[in-house]
Amino acid sequence: MFEYQRKSIRNTINDIVKDDEINVLIVDSKGNVMSDNNGKSICSDISNSGIFNVVNQDSGEHDIETKSLIEIDGIETVISSVKSDYCGWYYILMAPSSVYFQKTVIARKIIFTLCVIIFFVLLFVVMLISVKLTYPFNRILTNAKNVLGEKRSEVYRNELLCINDALNMLSQKTNVQEQILNGNRDLVRQTFFLNLMSGQKFNDNDIEKTLEFLDQDMSLPYFTVAIIQNNMFAKADSLFNKIENDIYHYIDNREYDYINRDLNIIYIKYNEHHISLIINHLIPSPKIAADFVNNLKEYIEKRFDAILHYSIGTVCNKINQIDRSFYDAYDALAYSSIYPTIRIFEHDITKKWDKNNNLEYGYIDSFVKSLNEYRLDNCKQYLYIIMNNVIEEHLSYKTYKSIINEIILSIEKLVINTKIDLSEIFSVSIAEQVESQYYIIDVFKTIECILGKILDHIVSQHSSLNSVYVAEAKKFIDEYYYKDISIQDIADKLNISRHHLCRVFKETTANTLLNYITEVRMNKARELLAEGKLPINDIAKEIGFNNTTYFNKKFKQNFGVTPTQYQSNVSCEKTV
């Protein structure tokens with residue numbers, strides 16, 4: 001029975017311990033080896049060896065592991081033992097210290113590496129959450145999301161939603177649905193193509209049935225979307241309505257046939273300011289679409305003397321893909337706010353501009369510096385430079401928007417730092433005033449106007465405060481003139497910037513701070529020289545000069561004579 005147990009336990013140990021350098025002995029209570037790894041020590045007596053001495057350290061305890069470091073055959077060996085719970089056997093593990101500690105070190109390294117990885121993952125998560133919640137990063141991220149979100153904004157549908165369900169079932173229409181659709185054929189056309197442009201996907205069968213129902217030929221292999229934008233907005237809605245009708249008739253009567261007969265065009269009113277044209281053409285190039293749009297532009301300008309902007313998207317080879325062409329055209333049209341003199345924007349050109357972020361950010365830094373110094377003229381100059389830089393360098397529209405956001409943030413920061421109430425100046429926020437403007441020139445003019453009002457308000461509000469700053473600065477100088485004080489020391493005392501203090505002092509007293517400090521010291525030096533109680537070296541130190549030569553030079557600059565000459569003149573006057 002014991003032999004069976006011994007072999008069973010041995011097999012289990014061998015399955016667990018597969019390292020040849022680690023030997024596991026099974027030893028009875030008398031010190032006889034009953035089993036080992038290689039069978040060399042079986043039946044040997046180790047009761048008088050150092051190995052069994054380690055085992056006997058806790059022979060009365062069960063489940064208590066003991067470890068010791070001894071030398072066996074000249075090799076430093078780790079001995080670990082534990083007593084069996086159900087018999088008098090001992091399990092003794094013997095391993096060279098190099099093997100034992102090497103495995104321990106590897107385990108520690110693995111654990112340490114895992115801890116480091118977990119730490120950096122948690123740190124990244126915390127930083128990400130902080131960035132998303134911290135101002136102004138939160139606002140910058142929100143603005144970025146809004147810009148991206150504009151591309152996928154919900155299509156303007158109004159009453160078209162009423163027939164949307166019937167349209168989706170066009171291939172399996174019932175009598176009721178057929179009556180609805182037949183009575184609203186134009187709305188079906190409008191809804192179907194708006195859905196396509198917004199990204200809704202239809203299977204080929206539904207598209208074929210819908211086009212057949214609409215009696216719409218779109219059999220040519222390529223599609224390009226063009227967009228016409230009304231930049232007159234609410235001021236000339238009635239005129240734009242007339243322009244819409246003319247565009248519709250221009251297309252419906254195929255007055256463009258002289259360009260190329262291989263064209264099929266769908267007119268879709270996207271919203272009150274945009275018309276979309278889906279151009280179906282024969283060749284895989286946007287040139288034919290560009291030629292058509294250019295002729296349409298000339299036709300509209302000649303008839304109405306109206307300025308509209310046009311854009312052309314990318315070419316796609318399936319009608320089910322026109323949403324991509326539409327969004328590309330919409331992206332290209334965004335540049336009409338920067339380049340109002342350009343009438344047609346092609347995505348193949350504007351996509352190169354999209355990659356251009358080459359702005360000289362030093363101009364923005366200089367603008368912010370001038371802003372914080374209340375230099376309105378300098379601010380206007382830098383705004384003009386920044387605007388021209390955007391236009392001349394063909395900067396991306398995203399970069400342009402980020403510049404405007406940064407300028408707005410710097411103005412809002414100035415407002416916070418100066419603690420002024422914007423509601424006393426404006427009825428709407430700064431951002432709303434700027435965002436209400438479309439063209440880049442109007443945007444920068446609005447920013448200039450906002451700055452002028454804010455800086456004027458700051459100056460008027462802080463005029464009385466400036467007098468307080470000057471009085472406090474003079475008081476500080478009069479009290480500590482004998483110390484090695486600097487302008488920064490005074491600014492820190494008043495909790496304002498060094499530059500602001502110098503400007504306020506100069507504007508109020510027509511004198512610089514350095515000159516005033518020197519005047520106070522020189523007047524005190526003249527008093528001490530007139531008393532005649534201290535030598536000149538001591539007087540120089542008494543008024544804050546560590547260098548007597550420099551003191552003599554400054555004294556002569558102020559009074560026309562050296563301290564020695566002045567003291568001599570005073571003595572002569574007293575004698576007389």
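Treat the numbers as computed from the prediction; the structure is a model and nothing was measured. For reference, positions follow the sequence shown, starting with 1.
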Discussion item. Please evaluate residues Asp291 and Lys287 with respect to the criterion salt bridge (charged side-chain N to carboxylate O under 4.0 Å, His left out), reporting the C-alpha separation (whole Å), side-chain torsions for both, the decisive distance (0.1 Å), and the verdict.
Written reply: CA-CA 6 Å; Asp291 290 342; Lys287 184 179 184 304; 3.0 Å; yes
Counting neighbours of [atom1] on [X] that are heavy atoms of other residues, nucleotides or ligands and sit closer than 6.0 Å, is the number greater than 12?
X      : atom1 : result
Asn245 : CG    : yes
Leu282 : CG    : yes
Glu373 : CD    : yes
Lys453 : NZ    : no
Lys297 : NZ    : yes

Would you say [X]'s side chain and [Y]'s backbone share a donor-acceptor pair under 3.5 angstrom?
X      : Y      : answer
Thr350 : Trp353 : no
Asp489 : Ser486 : yes
Thr191 : Val188 : no
Glu392 : Asn389 : no
Lys380 : Glu448 : no
Asn294 : Ala290 : no
Asn372 : Val368 : yes
Glu346 : Ser311 : no

With a 4.5 Å cut-off on side-chain heavy atoms, are [Y] and [X] touching?
X      : Y      : result
Cys316 : Arg324 : no
Leu422 : Ile454 : yes
Ile458 : Leu455 : yes
Ile490 : Leu501 : yes
Tyr299 : Ile247 : no
Pro284 : Asn317 : no
Ile447 : Leu383 : yes
Tyr469 : Thr508 : no

[X] [atom1] to [Y] [atom2] distance, which is reported to the nearest 0.5 Å:
X      : Y      : atom1 : atom2 : result
Leu196 : Asp323 : CG    : CG    : 8.0 Å
Ile251 : Ile275 : CD1   : CD1   : 8.0 Å
Phe304 : Ile300 : CZ    : CD1   : 5.5 Å
Cys502 : Leu514 : SG    : CG    : 7.0 Å
Glu393 : Thr399 : CD    : OG1   : 12.0 Å
Leu414 : Ile420 : CG    : CD1   : 6.5 Å

N/O donor to acceptor pairs below 3.5 angstrom from side-chain atoms of residues 217-226, sequence neighbours left out:
| unit_1 | atom_1 | unit_2 | atom_2 | d |
| --- | --- | --- | --- | --- |
| Asp217 | OD1 | Ser219 | N | 3.2 |
| Asp217 | OD1 | Ser219 | OG | 2.8 |
| Thr224 | OG1 | His281 | NE2 | 2.8 |

Going by distance alone, is a donor N or O of one side chain under 3.5 Å from an acceptor N or O of the other, for [X] and [Y]?
X      : Y      : result
Asn357 : Ser396 : yes
Asn515 : Thr512 : yes
Asn203 : Asp206 : yes
Asp377 : Gln381 : no
Asn405 : Ser402 : no
Ser336 : Tyr439 : no

What are the two closest heavy atoms between [X] and [Y], and how far apart are they?
X      : Y      : value
Pro340 : Arg343 : O-NH1, 2.5 Å
Phe367 : Ser410 : CE2-OG, 3.7 Å
Glu432 : Val428 : OE1-CB, 3.5 Å
Ile279 : Ala289 : CD1-CB, 3.8 Å
Ile450 : Gln433 : CG1-OE1, 3.7 Å
Ser285 : Val315 : C-CG2, 3.8 Å

NZ/NE/NH1/NH2 to OD/OE distance under 4.0 Å, [X] and [Y]:
X      : Y      : value
Glu472 : Lys493 : no
Glu507 : Arg503 : yes
Lys398 : Asp354 : no

Practice prompt. Please test Asn230 against His274 for side chain to side chain contact (heavy atoms under 4.5 Å, CB included), starting from the C-alpha separation and ending with a verdict.
Written response: CA-CA 6 Å; Asn230 167 27; His274 296 90; over 6 Å; no
Fill in: Chi angles and distances behind the side chain to side chain donor-acceptor pair (under 3.5 Å) call for Asp331, Tyr397
CA-CA 9 Å; Asp331 281 347; Tyr397 184 75; over 6 Å; no
Discussion item. Does Asp328 form a side chain to side chain donor-acceptor pair (under 3.5 Å) with Ser325? I'd like the steps, not just the answer.
Written reply: CA-CA 5 Å; Asp328 288 342; Ser325 182; over 6 Å; no
Worksheet item: What's the verdict on side chain to side chain contact (heavy atoms under 4.5 Å, CB included) for Ile228 and Leu296, showing C-alpha distance, side-chain angles and the deciding distance?
Response: CA-CA 10 Å; Ile228 304 171; Leu296 176 62; 3.7 Å; yes
For the ring pair [X] and [Y], is the centre-to-centre distance below 6.0 Å?
X      : Y      : result
Tyr516 : Phe505 : yes
Phe444 : Tyr384 : no
Tyr400 : Tyr335 : no
Tyr250 : Tyr267 : no

Worksheet entry | Ser198/Asn195 under side chain to side chain donor-acceptor pair (under 3.5 Å): CA gap, chis, key distance, verdict | CA-CA 5 Å; Ser198 67; Asn195 284 340; 4.5 Å; no
Worksheet item: In terms of ring plane angle, is the pair His394 and Tyr339 parallel, tilted or perpendicular, where the classes change at 30° and 60°?
Response: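 Aromatic pair His394/Tyr339 classed tilted.
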Item to complete: Evaluate the ring planes of Tyr270 and Tyr330, with Trp represented by its six-membered ring, and classify them as parallel (under 30°), tilted (30 to 60°) or perpendicular (over 60°).
Response: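 Because their plane-to-plane angle is over 60°, the rings of Tyr270 and Tyr330 count as perpendicular.
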